[in-house]
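Counting starts at 1 for both ligands and their atoms, in listed order.
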Amino acid sequence: MIKMRAVQVGSAKGPLQLVERETPEPGPGEVRIAVQATGICHSDVFTKEGLWPGIQYPRVPGHEIAGMIDAVGTGVEGWKVRDRVGVGWHGGHCGHCDSCRRGDFITCQVAPQIPGITFDGGYQEYMIAPAVALARIPDGLSPVEAGPLMCAGVTTYNSLRNSGARPSDLVAVLGIGGLGHLGIQFAAKMGFHTIAIARGKNKEPLARELGAHRYIDSQTQDPAQELTKLGGAKMILATVTSGKAMNAVLGGLGIDGKLIVLGAADEPLQVPATLLISGRRAVAGWPAGSSIDSQDTLAFSALNGVRPMTEVFPLERATEAYDRMMSGKARFRVVLTTGK
Ligand SMILES: NC(=O)c1ccc[n+]([C@@H]2O[C@H](COP(=O)([O-])OP(=O)(O)OC[C@H]3O[C@@H](n4cnc5c(N)ncnc54)[C@H](OP(=O)(O)O)[C@@H]3O)[C@@H](O)[C@H]2O)c1
Ligand SMILES: [Zn+2]
């Protein structure tokens, strides 16, 4: 059996380990992907720190995968060797629960599969993925560009397009990290009046380059007051990891405004009931998207010039790359490449 390189987490809170493994074979309904690039999402912390229930270790993290099909298992239709594909957080579903029967695969509660969590993900040279999890990568997007679109991209794109906000509405993106920097681009390209909110002045020029019409520095300005001065936000896309930062923008929601929670906040939100009642305001969450949502994200990005800003590291420097993401200094998505 041919060996390959993989980066695994041996046990919860353990270090990332570069190991040699047998190259896996696809089973029925699965394909093997030669992984070319994998984005490092903040949600990889669930695997690294053991924060997701039931993870079996050792586990290979990574759910922002771009590569090429290398082998096809039995019973797979519509996919062939050399097809360029991506896999995101949505790695498969039961197919028979009420959500799945409605075609809402992302809220499957019976057997949701997640690469890097329930099966080995993209921090390796070859991975196995269920065919239902595949999204086609269009020409014009490189693997390094496509990888981050498979989670950071689809999460922001899909939440924005399903939010009910319409072109010209005031849409704020809170936090400019992996998710936020794509959220700003999508919001601007979808025609929203796009406001970027982040800590400090230093992200302002980049936020404007990404398409933000205005920038609010949450360290020197009160974001809720600033949004209210602009008429109140129809939607705030909260991509930060901080509950306090989300609380600080709630007061900037306009009438019928909605805070969409994307970031796994470190503490519960504090939402005044009167704020919700008096302006029919709402707080909602949004999980990434299914494989066809990812494919839509890739197609929209290729057509409209949305691209992640990336810092690329080879697979063997995964520890350094992961630490770079955690430091908050990356501009804006760290991506691992395998050389394939
Ligand atoms: N809903 C979903 O389906 C989904 C999908 C993917 C990821 N996520 C979650 O989304 C969050 C962001 O992921 P990411 O990959 O974009 O992470 P990231 O690149 O590490 O960015 C983290 C963001 O959090 C902000 N932040 C960190 N500490 C903060 C603090 N103390 N106060 C205010 N802001 C703070 C940063 O804000 P500044 O820009 O101000 O520095 C930055 O924008 C994570 O919680 C991740 O687990 C959710
Ligand atoms: Zn993710």
Side-chain angles (χ1 to χ4, degrees), residues 38-49 51-52 61-65 86-91 106-107 112 114-117 121-123 147-160 162-163 172-185 195-204 206-207 210 212 215-221 223 236-249 259-267 269 284-290 293-294 297 308-311 321-335:
T38 297
I40 299 187
C41 178
H42 205 105
S43 298
D44 292 347
V45 76
F46 291 129
T47 309
K48 175 78 173 55
E49 300 304 323
L51 300 173
W52 196 273
H63 58 268
E64 288 194 345
I65 301 135
V87 180
W89 180 263
H90 172 80
I106 45 173
T107 59
I114 308 168
I117 303 263
Y123 291 25
L149 294 171
M150 298 306 301
C151 178
V154 64
T155 302
T156 48
Y157 172 78
N158 207 29
S159 54
L160 282 167
N162 286 294
S163 67
V173 178
L174 172 65
I176 314 181
L179 266 66
H181 91 289
L182 287 164
I184 292 168
Q185 294 181 65
I195 316 293
I197 308 171
R199 294 168 298 170
K201 270 271 162 223
N202 76 338
K203 286 187 178 176
E204 176 165 4
L206 284 171
L210 295 166
Y215 180 85
I216 299 172
D217 168 8
S218 59
Q219 283 174 336
T220 57
Q221 292 169 291
I236 303 176
L237 211 56
T239 74
V240 293
T241 53
S242 155
K244 274 200 181 69
M246 292 191 197
N247 291 337
V249 299
L259 179 87
I260 300 187
V261 178
L262 300 182
D266 53 358
E267 58 182 275
L269 266 63
W286 190 273
S290 63
D293 295 316
S294 297
T297 308
M309 282 177 72
T310 55
E311 296 182 5
Y322 179 85
D323 291 345
R324 176 83 181 152
M325 180 280 293
M326 289 302 285
S327 75
K329 293 188 182 131
R331 295 290 178 270
F332 283 98
R333 192 47 123 204
V334 179
V335 178

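No heavy atom of G180 sits closer than 4.0 Å to any atom of ligand 1. Put simply, no part of A152 is less than 4.0 Å from ligand 1, judged by heavy atoms. Taking a 4.0 Å cut-off on heavy atoms, P287 registers as neighbouring ligand 1.
Rounding to the nearest 0.5 Å gives a distance of 15.5 Å between OH of Y157 and CG of L179. Separating the CZ atom in R324 from the CZ atom in R331 is a distance of 7.5 Å, to the nearest 0.5 Å. Note that NE2 of H63 and OH of Y123 are 8.5 Å apart. Values are rounded to the nearest 0.5 Å. To the nearest 0.5 angstrom, I176 atom CD1 is 11.5 Å from L182 atom CG.
More than 12 heavy-atom neighbours from other residues, nucleotides or ligands sit within 6.0 angstrom of NZ on K201.
Residue contact annotation: H42 places no N/O/S atom under 2.8 Å from the Zn ion (ligand 2).
Protein heavy atom nearest atom 19 (O) of ligand 1, with residue, atom name and distance: G178 N, 2.8 Å. Nearest protein heavy-atom contact of atom 10 (O) of ligand 1 is G263 CA, 3.3 Å. Ranking the protein heavy atoms by distance from atom 6 (C) of ligand 1 puts C151 SG, 3.3 Å first. Nearest protein heavy-atom contact of atom 12 (C) of ligand 1 is T239 O, 3.1 Å. For atom 48 (C) of ligand 1, the nearest protein heavy atom (residue, atom name, distance) is L262 O, 2.8 Å. Nearest protein neighbour of atom 1 (N) of ligand 1, counting heavy atoms only, is W286 O, 2.8 Å. When only non-hydrogen protein atoms are considered, atom 46 (C) of ligand 1 lies nearest to S43 OG, 3.3 Å. For atom 3 (O) of ligand 1, the nearest non-hydrogen atom of the protein is A288 N, 3.0 Å.
In S242, the part holding a heavy atom less than 4.0 Å from any atom of ligand 1 is the side chain. With a 4.0 Å heavy-atom cut-off, ligand 1 is reached by no atom of W89. For K244, no heavy-atom contact with ligand 1 is shorter than 4.0 Å. Under 4.0 Å from ligand 1, the heavy atoms of A245 that appear belong solely to its side chain. Only the side chain of T155 comes within 4.0 Å of ligand 1, judged by heavy-atom distances.
The option from D217, I176, T156 that lies nearest to atom 43 (O) of ligand 1, judged by heavy atoms, is I176. Across the listed options I40, T241, I260, T241 owns the non-hydrogen atom lying nearest to atom 24 (O) of ligand 1. With atom 40 (O) of ligand 1 as the reference point, the heavy atom nearest to it among R199, H90, K203 is part of R199. The closest heavy-atom contact to atom 17 (O) of ligand 1, among the options R333, H42, R324, comes from H42.
When each of L160, L174, T155 is paired with L237, the side chain to side chain contact (heavy atoms under 4.5 Å, CB included) condition holds for L160 and for no other.
Between L210 and M309 there is a side-chain heavy-atom pair separated by less than 4.5 Å.
Close approach to A198 involves these atoms of ligand 1, each under 4.0 Å from a residue heavy atom: 39 (O), 40 (O).
Residues D293 and S290 bring a donor and an acceptor atom of their side chains to less than 3.5 Å of each other.
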Test log, rule side-chain contact (heavy atoms from CB on, under 4.5 Å), inputs K48 and M326: CA-CA 12 Å; K48 175 78 173 55; M326 289 302 285; over 6 Å; no

Take I114 and F46, measure what side-chain contact (heavy atoms from CB on, under 4.5 Å) needs, and give me the verdict at the end. CA-CA 12 Å; I114 308 168; F46 291 129; over 6 Å; no

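The Zn ion (ligand 2) is the vertex of the angle joining SG of C41 and SG of C151, which measures 130° to the nearest 10°.
Ring geometry for W89 versus W52: interplanar angle over 60°, hence perpendicular rather than tilted (30 to 60°).
Distances between N or O atoms of A264 and those of ligand 1 include at least one value under 3.5 Å.
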